[in-house]
Structure formats: structure tokens, C-alpha cells
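Structure first, commentary second.
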Amino acid sequence: MFFSRGQIIEILSSEDVSLRDDLCARAHNARLKYAGEGIHYRGLIEISNLCRKNCLYCGIRRGNKVVTRYDMPDNQIFELTNIAYLKGYDYVMIQAGERQDASFISRIESIIATITQRYNGKMKVALSLGEQTEATYSRWHEAGAARYLLRIEASNENLYHKIHPCDNTHSYDVRKNAVATLKKCGFLTGSGVMIGLPFQTIENLADDLLWLRDMEVDMCGMGPYIPHSQTPLYQYKDIIPSEEKRVDLTLKMTAILRLMMPHINIASTTALSTLHPDGSLSCGANVLMPRLTPCTDCYKLYDSYE
Ligand code: 5AD
Ligand code: SF4
């Protein structure tokens with residue numbers, strides 16, 4: 001279904017609950033019709049919280065010295081993968097902070113190959129390991145990984161710079177071009193944004209949706225921004241939309257995206273379920289990523305209220 005920028009802005013700005021309910025109902029029907037009735041489960045394994053980056057919103061940013069860093073041993077990754085397999089999931093989502101060193105790259109390559117071979121293709125690997133070179137993406141794809149998730153976070157360049165340090169490690173252009181690079185390397189590629197960031201406008205969110213459409217992403221994960229007290233962006237916690245508003249915007253963004261791109265995979269994100277336990281499965285989402293990581297506090301991107 002076609003949405004103009006103006007229509008998206010109007011829907012996102014509306015306070016009318018019945019409009020949202022109607023939008024969600026239409027998105028839900030589109031999901032059933034075009035993406036299928038089933039929900040896809042990806043077992044999320046957060047293999048390490050070491051990260052070379054310093055994103056201003058994220059609790060495991062390099063600059064947060066209070067975090068206890070960990071790096072899960074291979075055998076634990078394989079045990080958790082087996083749990084995912086026994087639960088009937090057909091994917092594990094391997095996630096970590098960003099690292100680009102040679103030992104990390106080859107270790108991931110061999111983990112991917114082991115999982116892919118062990119289950120004869122019945123357990124597939126999705127990755128969420130940040131920005132890498134084209135050569136690394138290719139190596140990991142050749143080792144057997146099928147999907148890669150790398151959110152743009154904010155498609156507007158000015159906003160991107162307000163939520164990331166302005167240095168070579170956080171280049172907007174590299175981030176923006178990564179989706180095309182990942183597709184070129186053969187990945188089913190996902191992106192997504194945070195919703196309700198400080199300085200973010202409704203127009204920014206409308207443009208995020210148009211960007212995801214233009215990039216022809218294969219999957220998307222969008223969730224509300226949730227402040228983390230040990231991050232620089234926390235100081236702006238009082239100028240962001242209320243929790244209720246961020247949930248409302250997330251549900252409407254999800255529904256519009258489903259109607260715009262009926263066939264893609266859309267995740268109901270962990271950040272959304274933190275604020276809204278029902279998630280977005282009734283507003284167009286069709287993917288859940290249950291956490292398999294056993295530690296509860298080791299990979300805290302945002303403050304939780306549990
Ligand atoms: N609130 C919500 N989502 C966050 N992420 C990181 N920090 C936060 C936060 N404070 C999201 C980013 C990243 C994904 C792994 O988690 O979008 O891509
Ligand atoms: Fe690292 Fe990702 Fe957090 Fe940025 S959002 S600091 S890249 S883990």
C-alpha cells in the first residue's frame with residue numbers, strides 16, 4: 001500500500017486511539033495474508049558486551065566503565081544454540097557489541113560454520129555484530145550466515161550525529177551504505193530505528209519509514225528509545241515523548257511499515273516489550289527474538305523497569 005510522507009506524518013501525529021486500532025487491524029490482516037500466519041522465532045544469544053563504539057544512548061558503550069565486560073565461550077554459545085534447536089526455533093540471532101579485530105572475525109566465522117554444519121541447515125544463523133568491512137561480511141556469509149541485522153538507528157544525518165559521537169568510528173555514510181553492502185554480499189538484510197529519541201521529530205520518523213522502503217530491507221526491528229542512566233543522552237530524558245507516546249508511535253510505525261512492505265519480516269522488539277508486554281504482533285510484526293542469554297543484567301542497552 002502506498003503512503004505519502006504527508007499521510008504518514010498525519011497518522012503519526014494523530015492522538016486518535018480508534019485510528020491506531022484500525023491501522024493495527026489492517027496491518028495484522030496484511031501480515032496474515034502476505035507474510036503468513038506463523039510467527040518466526042529467533043533465539044537471541046548475546047555473546048559479548050565488548051564494544052569499540054560509544055553510541056550516546058547505549059548502556060554497553062565503550063565509555064561506560066561501570067559495566068562488567070564478558071565474552072561467552074564457544075561451548076556455551078553451542079549449548080544455547082542447542083536449546084534454541086530443541087525449542088523448535090530455526091534461527092539463532094548472534095549479537096554482540098562491535099569488534100573488528102582479526103581474532104574476533106575468524107572466531108565468528110568458525111562459530112557460524114560449526115552451527116550450520118551441525119544441524120544440516122536446520123538451524124540457521126542470523127548476525128547482529130555491527131559494522132564490518134565488505135570482506136568480513138562476505139566471509140561470514142560464505143561460512144553459512146543467512147541474515148544480518150544492522151539498524152540505521154536514525155536515517156536523518158543531523159539526528160544521527162546528535163546521538164553518536166562525531167568521529168570516524170561512527171560514520172553516518174558507512175552506516176547508511178552498509179545495507180546495500182550486506183545485500184551485495186548475499187545477506188537477507190535488516191535495519192531499523194529507535195523511536196522517541198531526543199531531538200527526533202515526527203518528520204524524521206516518517207522519513208525513516210520511507211528510507212526503509214527505499215532500501216528494500218528484508219527485515220526490520222524498531223523499538224522505543226529507553227534512556228540508560230549511565231549514558232550521555234540520559235540528560236535529555238525529560239524532553240523525550242512519554243512512555244505511552246513512544247509505545248503508540250512504535251505500534252503505528254510498525255503497522256505502517258507492514259502495510260508499505262507487506263512481505264518483509266518485522267520483529268516485535270525487546271525494547272517495546274519492556275514498555276508494552278503485548279509487543280507489536282497484533283500491529284503487523286511477525287518475528288520474536290526470545291533471549292537465550294542466561295545472565296539477566298550483562299547486556300543492558302537501556303534501563304529496564306522490571
Ligand atoms: N534504547 C532502545 N534501544 C537501544 N538500543 C541501544 N541502546 C538503546 C536504548 N537506550 C538498540 C539499538 C541497537 C540495538 C541492538 O539496540 O537500536 O541497534
Ligand atoms: Fe556498541 Fe551497538 Fe551499543 Fe553502539 S549500540 S555502543 S555499537 S553495542
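Counting starts at 1 for both ligands and their atoms, in listed order.
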Any side-chain heavy atom of [X] within less than 4.5 Å of one from [Y]?
{"X": "C58", "Y": "H228", "answer": "no"}
{"X": "R139", "Y": "S106", "answer": "yes"}
{"X": "K183", "Y": "E216", "answer": "yes"}

(request) Less than 2.8 Å from atom 4 (Fe) of ligand 2 is the window; count the protein N, O or S atoms in it. (result) 1
(message) Less than 4.0 Å from atom 2 (Fe) of ligand 2, is there any heavy atom belonging to the protein?
(response) no
(request) State the OH-CD1 distance between Y119 and I115, to the nearest 0.5 angstrom. (result) 7.5 Å
(request) Please go through L233's hydrophobic cluster and name the other residues, only I, L, V, M, F, W, Y counting, with side-chain heavy atoms under 4.5 Å joining them. (result) L56, Y57, L159, I163, M194, L197, F199, Y225, Y236, I239, I240
(request) Take the SG atom of C298, take the SG atom of C295, and say whether they are under 2.5 Å apart. (result) yes
(request) Inspect cysteines C283 and C24 and report if their side-chain SG atoms are under 2.5 angstrom from one another. (result) yes
(message) Y91 and side-chain hydrogen bond (donor to acceptor under 3.5 Å, both in side chains): which single residue from K124, R147, H40, R42 fits?
(response) R147
(request) Return the orientation label for the Y89 and Y41 ring planes: parallel under 30°, perpendicular over 60°, tilted otherwise. (result) parallel
Name every donor-acceptor pair, under 3.5 Å, that has one atom in a side chain of residues 252-269 and the other anywhere in the protein, sequence neighbours excluded.
from: K252; atom 1: NZ; to: I11; atom 2: O; distance (Å): 3.2
from: K252; atom 1: NZ; to: S14; atom 2: O; distance (Å): 2.8
from: K252; atom 1: NZ; to: D248; atom 2: OD2; distance (Å): 3.0
from: T254; atom 1: OG1; to: T250; atom 2: O; distance (Å): 2.7
from: R258; atom 1: NE; to: G284; atom 2: O; distance (Å): 2.7
from: R258; atom 1: NH1; to: P262; atom 2: O; distance (Å): 2.6
from: R258; atom 1: NH1; to: I264; atom 2: O; distance (Å): 2.8
from: R258; atom 1: NH2; to: I264; atom 2: O; distance (Å): 3.1
from: R258; atom 1: NH2; to: G284; atom 2: O; distance (Å): 2.9
from: R258; atom 1: NH2; to: N286; atom 2: OD1; distance (Å): 3.3
from: N265; atom 1: OD1; to: N286; atom 2: ND2; distance (Å): 3.0
from: S268; atom 1: OG; to: S280; atom 2: N; distance (Å): 2.9
from: S268; atom 1: OG; to: S280; atom 2: OG; distance (Å): 3.4
from: T269; atom 1: OG1; to: M222; atom 2: O; distance (Å): 3.2
from: T269; atom 1: OG1; to: L272; atom 2: N; distance (Å): 3.3

(message) For ligand 1, give me the residues whose heavy-atom distance to it is below 4.0 Å, by chain and number please.
(response) Y57, C58, Q95, R151, E153, M194, P224, Y225, I226, L301, Y302
